[in-house]
Every structure is written in C-alpha cells, then in structure tokens.
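Please read these numbers as outputs of a predicted model, since none were measured by experiment.
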Number of protein chains: 2
Amino acid sequence: MTRESVTIMDVAREAGVSKSAAARVLARNGSASATTHERVMKAAAFLGYRPNQLARSMKSGATNTIGIVVPDVIIPFFSAILRGVADNARAAGFEVLVSNTDNDPDIEERSLELFAEKRVDGIAIAPVFQQDPRAILRLADEGMPVVLLDRRMTGLEHLPLVSVDHVDAAEKAVAALADLGHERIALLAESAPALARLQELAESSSSHPHLSLLRPSAQRIIGYLRAIKRHGIELDEDLIIHSGYTTTSAQEAVERFLASGIEATALHATNAVLTSGAYRGIRSRGLSVPEDMSFIGFDDQEWTTMVQPEVTVVEQPSQQLGATAATVLTNLVRGAAADPLEHLLEAELLMRDSTASRVRPSIRLA
Amino acid sequence: MTRESVTIMDVAREAGVSKSAAARVLARNGSASATTHERVMKAAAFLGYRPNQLARSMKSGATNTIGIVVPDVIIPFFSAILRGVADNARAAGFEVLVSNTDNDPDIEERSLELFAEKRVDGIAIAPVFQQDPRAILRLADEGMPVVLLDRRMTGLEHLPLVSVDHVDAAEKAVAALADLGHERIALLAESAPALARLQELAESSSSHPHLSLLRPSAQRIIGYLRAIKRHGIELDEDLIIHSGYTTTSAQEAVERFLASGIEATALHATNAVLTSGAYRGIRSRGLSVPEDMSFIGFDDQEWTTMVQPEVTVVEQPSQQLGATAATVLTNLVRGAAADPLEHLLEAELLMRDSTASRVRPSIRLA
DNA sequence: GTGAAAGCGCTAACAC
DNA sequence: GTGTTAGCGCTTTCAC
C-alpha cells in the first residue's frame with residue numbers, strides 16, 4: 001500500500017490552524033469560530049480528507065463494527081439473517097464483518113478470535129453445536145457483547161438469544177394437520193434424542209426455561225408431541241422419522257418409511273433441507289400430495305410455490321430474526337442490558353394446497 | 001465498553017522484559033533469546049493477551065480486511081459470490097466486510113466511503129448501474145484496489161472484472177434449442193437497448209473489447225443473436241420479450257406474449273428472476289413443458305429440479321466467481337497487477353427435461 | 001539480544 | 001476559541 005492518505009495534520013496546515021482546531025471541527029464537537037470552521041471545511045474538501053477510523057477507534061475504543069458468524073451464508077436462512085443484521089446495524093452506525101463456519105468448531109473459534117483482535121464492538125453468532133462452547137464463553141466473560149442466533153447450548157444460558165419459537169412452529173403445523181382430521185401424522189426430524197426426555201419436557205409448562213437449550217430440531221419434536229397430545233392423539237414412535245441433515249438422507253428416510261407399511265396420512269418435515277428431501281421422497285414413491293398424503297414443509301422456499309399443488313409451509317421470519325438480533329446487540333454495545341434475554345419470534349403457517357382433510361376410513365368406504 | 005484489554009506492555013511487565021522485547025517475540029520477527037521468548041510467551045498465555053489489530057494496522061497501514069458490496073445478499077447469486085470471496089479471502093488472511101446497496105447509488109457511495117474510512121485493503125463490488133460511477137472511480141484513482149463483479153460500466157474500463165461470460169451463456173442455451181430443431185425461439189430479457197446496436201456488436205469478433213461494458217442482459221441478447229445467426233435463423237424482433245426485473249413482470253410479459261399469437265416453440269429466460277416468472281407464465285397459460293414449448297432457464301435454482309419435468313438451465317459458477325474475485329483482489333492488494341484484466345468464467349448448460357426436439361410441422365402433420 | 005524512543009492519526013485535557 | 005501535549009497499542013529504528 002503506497003497510497004498515502006491526507007491526515008488531519010494536512011488539513012490543519014492547509015487551513016492555517018492547529019491540529020486540534022481542525023480536529024474539533026472535523027469531529028463536530030468542541031467549539032470553533034465560524035471562520036476556523038469554514039477554513040477547515042474548505043481545506044478538508046480541497047484535500048479530499050477522509051477520517052481514519054482506525055485512529056479514531058484507537059482513541060475511542062469502539063470500532064463501530066460488529067461481527068456475525070453463521071454456518072454458511074449460502075443457506076437462505078442465514079443470508080436472510082445476515083441481511084437483517086446488516087440493515088439494522090447500518091442504521092445504528094455499524095458495519096458488519098461476516099464469517100462462515102461450516103459448523104466447524106475450530107473455524108468458529110478462529111473467527112471469534114480474529115473478530116476480537118479486530119476489536120469488533122459485538123458479535124452475533126449462530127453457534128456450532130458442541131459440548132463445550134468455551135470460545136464463545138471466554139469472549140462473553142471478557143465483556144464482549146454477544147447475541148446468540150437461532151440456537152443456544154448448555155453453558156450459554158446467560159447470553160441473549162434471538163430465535164424462532166421452534167416449539168410453536170412445529171406445533172402449529174401438526175395442529176393444522178390434526179385439525180384436518182389426520183391422526184397418523186409422521187414427523188421428519190433431524191435429531192434423535194431420547195424421546196422420553198422430550199415427552200417430559202413437552203408436558204411441562206410452555207415457558208419451560210430449558211427448552212431453548214435444546215437443539216431446534218428437538219424443540220420441534222416437542223411441538224409435535226404437544227400438538228398431538230392436545231388433539232388427543234396417542235404417540236406412536238414409529239411415526240417419528242429421523243434423518244441426517246441432507247436432502248438425500250431425508251429423501252431416503254422418507255422412502256424407507258413409506259415402504260415400511262407404517263400407516264400415515266400426513267407428514268411434517270421440520271427444516272428446509274428435510275422438506276426438500278421429504279417432498280422428493282414422497283414423489284419418488286409415486287404418491288401424490290395431498291391425495292395420498294398431506295404435507296407441510298418448513299421455511300418458505302421458492303420451490304414450494306413453483307410445484308403444483310403448492311406446498312403448505314411454516315415460515316420463519318428469518319430477516320426479522322437478524323434485525324432483532326442486531327437491535328439487541330447494538331443495545332448491548334451501548335451498555336444497555338439484554339432484556340428480555342430471549343426473543344422468540346413467531347413462525348407463520350402458510351396454508352396452501354398440499355394439505356387435505358382426512359376423510360375417515362369408514363366414510364371413505366361408504 | 002468498560003472492557004479493558006491486556007496490552008503488550010502488560011505482557012512485558014509480567015515477563016520482566018521491555019515492551020520492545022515482548023513485541024519482537026509476539027510479532028515473531030526480530031530476534032530474541034530462547035529465555036526471553038519463553039517468558040514472553042508464558043506471560044502472554046497467562047494474561048490471555050490478544051494483539052490489537054487496530055494498533056497493528058495503524059503502524060502497518062494494512063487492515064487485512066476487504067470489503068464486498070453487492071445489491072443484496074439474499075439473492076442466491078450474491079450470497080454464493082460472498083461465500084466464494086469469504087473463503088478465499090480468509091485463506092489469504094483477510095476478513096470481509098459486507099454491504100448491501102439495493103442498487104441504490106447513494107447507498108453504494110456511502111458504503112464505499114465507510115469502507116475507505118475503515119481503511120479496508122481492497123474492495124470487490126457488483127456496482128449499481130449508473131451513468132457516472134464516480135464514487136468507485138475516485139476510490140480507484142486514489143489507489144484503492146478494486147475488482148468489479150459481474151458487471152462493468154463506462155468509465156471503469158481500467159478496473160479488473162470477474163464475471164460469467166454472459167454472451168456465451170445465452171449462446172449456449174439458444175444453440176441447444178436450435179440444435180433440437182427449434183426455429184422460433186423466444187428470448188425473455190430484462191433490458192431493451194437498441195437492437196440494431198446489439199446486432200452490430202454481435203457481428204463483430206467475439207473478443208470485442210466493449211462487450212463487457214454492456215449490461216449482462218444486453219450481453220445475453222447478443223449471445224442470442226449470435227446463436228440464431230450461426231444456425232441460419234433469421235431474427236424476428238417479436239420474439240424478444242422484454243420484462244422488468246421481477247417475477248410478476250416476467251410472468252405477465254410471457255403471458256402477454258403467449259396470448260399474442262406469435263408463434264414460438266421454445267423460450268430462454270436470461271436470468272434467475274425472469275426464469276421463475278417465465279415458468280409461471282407458461283404454466284398459467286395452460287401450456288406444458290416441453291410438449292407445447294421447450295424451455296431453458298438461467299441459474300440452477302433449487303426449484304428447477306423440484307418441478308417435473310426438471311428444467312434445463314444454464315448455470316453460472318457463482319461461488320467460483322467470488323473465489324476468483326478474491327484472488328484477483330488479494331493479488332492486487334499485494335501489489336501485483338491484475339492480469340488479465342478480465343476473467344470471464346464459463347457457464348454450463350445443464351440439460352434436463354424441459355427441452356424436446358422440435359418435430360417439423362410437415363412431419364408432425366403426416 | 002535488548003531497551004529507549006519515536007510515531008502511525010486521532011482525540012481530549014489542559015493551559016493560554 | 002485556540003494551540004500544546006499526552007497517549008490509545010503497536011512496530012521499528014537506533015544505540016548499547
């Protein structure tokens with residue numbers, strides 16, 4: 001970088017005043033006479049002066065920059081969050097530094113470290129799931145404002161979280177299916193934690209404080225359990241299909257399920273990736289939606305309205321998530337407390353045409 | 001920010017050496033005795049020392065940060081670019097600052113200014129189309145390394161560009177259609193510049209230096225013109241459908257076209273948004289693909305393989321675009337020249353099932 | 001090999 | 001109202 005910039009000193013010289021006089025008018029604080037003001041402004045414009053925020057940051061201790069770390073900005077959910085964060089951050093006077101972790105704890109740790117070294121004023125992070133989130137913890141302990149996105153894990157209970165209400169989201173979808181008369185409702189979920197434990201949690205009051213410590217996928221299973229219980233449907237564990245977090249894995253899981261002979265008249269897939277896979281699986285088995293099976297997906301991906309019939313989905317307000325996170329974070333940076341500690345945004349059920357009411361077998365045979 | 005960090009001075013004190021001794025070992029340059037080295041490292045680890053990159057940047061003049069400015073990271077094309085840039089930048093030791101312009105020249109200018117004030121080492125930008133790109137120009141003139149993404153405009157001829165070969169991309173799609181026997185091939189394009197001028201350019205040698213100054217949409221029209229010419233098909237201007245850059249606008253344009261009675265057996269849409277709209281338009285008119293009309297879209301969006309039959313598309317290597325841009329930019333930052341000035345990445349035709357060979361009317365009637 | 005000291009560009013006391 | 005000065009945390013001559 002041979003490019004040398006014009007400093008406040010140059011402006012002062014050009015204007016024929018002292019460095020501090022120039023500084024006062026350029027930082028628009030302190031007082032200055034009208035003439036000084038004018039001469040400095042003129043000199044600055046003439047020289048093309050551009051304040052060096054590095055130097056300002058050194059003095060002030062603030063960089064007006066926040067960092068956001070997500071698994072992968074290519075995933076629409078995260079790019080929407082990023083957009084929300086960026087918009088609100090900018091409105092509050094912050095720029096944003098991004099990092100993709102690919103769910104690798106080491107990359108996450110390295111990113112956090114780099115952001116800290118660059119002295120970002122705060123960090124919004126969709127953390128990688130892990131036993132011991134010490135990198136995040138350490139930063140937070142040192143006083144770095146941190147807000148969690150979408151997920152939280154043990155050890156991070158004291159950090160603010162901005163997330164969709166995953167329990168409620170799944171509950172809405174399953175309840176809609178039940179309302180249509182379905183009783184054999186399958187659920188395609190990513191994780192496979194002890195169901196017994198989840199059932200216990202499902203029974204507890206809806207504001208159970210530990211729910212947010214579960215993975216989103218587990219929270220969605222709880223939503224399922226609550227919905228069927230509320231509709232007087234008994235749990236059949238065979239209806240809970242597990243799958244890895246890839247379209248192919250989901251498709252195969254659904255195909256296997258459909259081939260198993262286990263009866264089900266409806267299916268809810270609990271995240272965007274699983275939704276694509278599930279839809280492909282249903283179709284590859286030659287079934288039609290909603291005639292053979294009612295289907296509710298997750299996330300309003302474009303394809304859900306390109307296929308016919310259009311797919312009913314639970315939509316999460318992703319961009320709003322980012323916007324909220326940015327607001328919480330900038331408040332934190334400004335010294336305000338994070339209150340409430342948890343922002344649970346509501347998902348919305350977009351009823352389209354992949355769901356049909358379940359005609360009772362007896363009636364259907366008549 | 002009451003959080004006070006441990007400085008190199010603290011480490012030096014703890015290690016019982018001078019500030020400069022500590023600095024030498026922590027910046028791993030200069031020489032230090034084994035004992036000094038060890039004591040400093042130990043002290044640093046003990047105190048949890050974290051180098052202040054702000055201070056380093058002040059000295060070195062480099063921030064190891066680049067900025068990327070795009071219209072909107074929610075658009076898959078740009079989030080893929082961002083990912084490509086981020087990956088390569090990180091590998092080269094840079095972090096990345098993002099900005100969304102929503103194609104607003106004022107926001108673009110403001111972003112560039114802010115990035116410059118933060119002293120980024122370089123900028124990758126998908127510029128807003130405008131007559132007078134002075135903000136970019138000013139920065140570049142001042143010595144800021146800049147690489148253009150996807151587009152270039154008059155006045156920026158001297159800046160490096162990383163883009164897909166738009167002419168070739170459209171040419172591939174239209175040629176594929178022509179190879180299938182289609183002679184009445186419609187093109188859905190965003191812009192509507194003087195066709196005569198484009199035809200002139202289409203005739204000129206393929207390496208015409210001014211092609212990259214046209215908007216991508218205009219370049220795609222040139223690809224169309226070249227393809228039909230090469231296949232001995234005469235231009236019928238009625239086959240070039242114009243549309244605004246929204247799904248609805250595209251859908252309406254296609255519906256209008258289909259209702260007009262103008263004969264066409266194939267259609268190519270020249271960008272992702274228009275592709276969605278066109279597909280919707282074809283379907284809303286009750287036509288089926290590829291029986292009634294062959295269709296080739298642009299960009300490999302997920303829905304193109306969710307619908308049936310799956311849609312043939314021209315895919316641009318978006319992430320690779322970002323990766324290349326980052327490489328060019330970091331080289332520029334390191335003082336190397338941008339050579340070549342233009343990186344034109346090749347798009348790939350993904351043949352799927354929305355294209356059928358055109359049976360000649362005479363044969364069809366037999 | 002090591003320490004003292006200057007300085008990157010800026011702001012904020014502090015005297016005048 | 002204005003100028004002088006110290007200092008943010010670091011690197012880097014420069015003597016020793």
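A straight line from CZ of A:R39 to P of D:dT2 spans 10 Å, rounded to a whole angstrom. The distance from atom CG of B:N52 to atom C1' of D:dT11 is 13 Å, rounded to the nearest whole Å. If you measure from atom NZ of A:K118 to atom C1' of D:dG9, you get 15 Å, rounded to the nearest angstrom. In this structure, A:R50 atom CZ and C:dC8 atom P are separated by 19 Å, rounded to whole Å. At whole-Å resolution of the value, CZ in A:R24 and P in D:dG1 are 9 Å apart. Atom CG of A:L54 is separated from atom C1' of D:dC8 by 12 Å (rounded to the nearest Å). Look at CD on A:E38: it is 17 Å from C1' on D:dG1, rounded to the nearest Å. Between A:N64 atom CG and C:dC10 atom P there is a gap of 15 Å when expressed in whole angstrom units.
Residue A:S60 places none of its side-chain N or O atoms closer than 4.0 Å to OP1 or OP2 of D:dC8. Proximity of A:T36 to the phosphate of D:dT2: a side-chain N or O atom is located under 4.0 Å from OP1 or OP2.
Residue-to-nucleotide proximity on DNA chain C shows that, of B:S20 and A:Q53, the 5′-proximal contact is made by B:S20.
In plain terms, the two heavy atoms of B:A23 and B:I8 that are nearest each other are CA-CD1, 3.3 Å. Scanning both residues, B:T101 and B:V69, for their nearest heavy atoms gives CG2-CG2, 3.6 Å.
Interface residues of residues 7-19 of chain A facing DNA chain C, ordered by number: A:T7, A:I8, A:K19; criterion, heavy-atom separation under 4.0 Å.
Nucleic acid contact for B:A23: base, since at least one base atom lies under 4.0 Å from a heavy atom of the residue.
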Could you please spell out the steps behind the salt bridge (Lys or Arg N to Asp or Glu O under 4.0 Å) verdict for A:E157 and A:R152? CA-CA 7 Å; A:E157 294 84 353; A:R152 161 185 278 161; over 6 Å; no
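By the neighbour-count criterion of 12 heavy atoms within 6.0 Å, atom CZ of A:R110 is sparsely surrounded, having that number or fewer from other residues, nucleotides or ligands.
Taking the side chain of B:M58 as heavy atoms from C-beta on, and the options D:dC8, D:dC10, C:dC8, the nearest nucleotide is C:dC8.
Residues passing the salt bridge (charged side-chain N to carboxylate O under 4.0 Å, His left out) test with B:E117, sequence neighbours excluded: none. Under the rule for a side chain to side chain contact (heavy atoms under 4.5 Å, CB included), the partners of A:A89 that lie at least two apart in sequence or sit in another chain are A:I66, A:F94, A:V96. Shown here are the side chain to side chain donor-acceptor pair (under 3.5 Å) partners of A:N88, two or more places apart in sequence or in another chain: A:T327.
Computed from C1' positions of five pairs at each end, the angle between the two local axes of the helix from C:dG1-D:dC16 to C:dC16-D:dG1 equals 50°, rounded to 10 degrees.
For A:E95 and B:S99, the side-chain atoms include no donor-acceptor pair closer than 3.5 Å.
Applying the salt bridge (charged side-chain N to carboxylate O under 4.0 Å, His left out) test to residues at least two apart or on different chains, none of the pairs has a partner in residues 61-71 of chain A.
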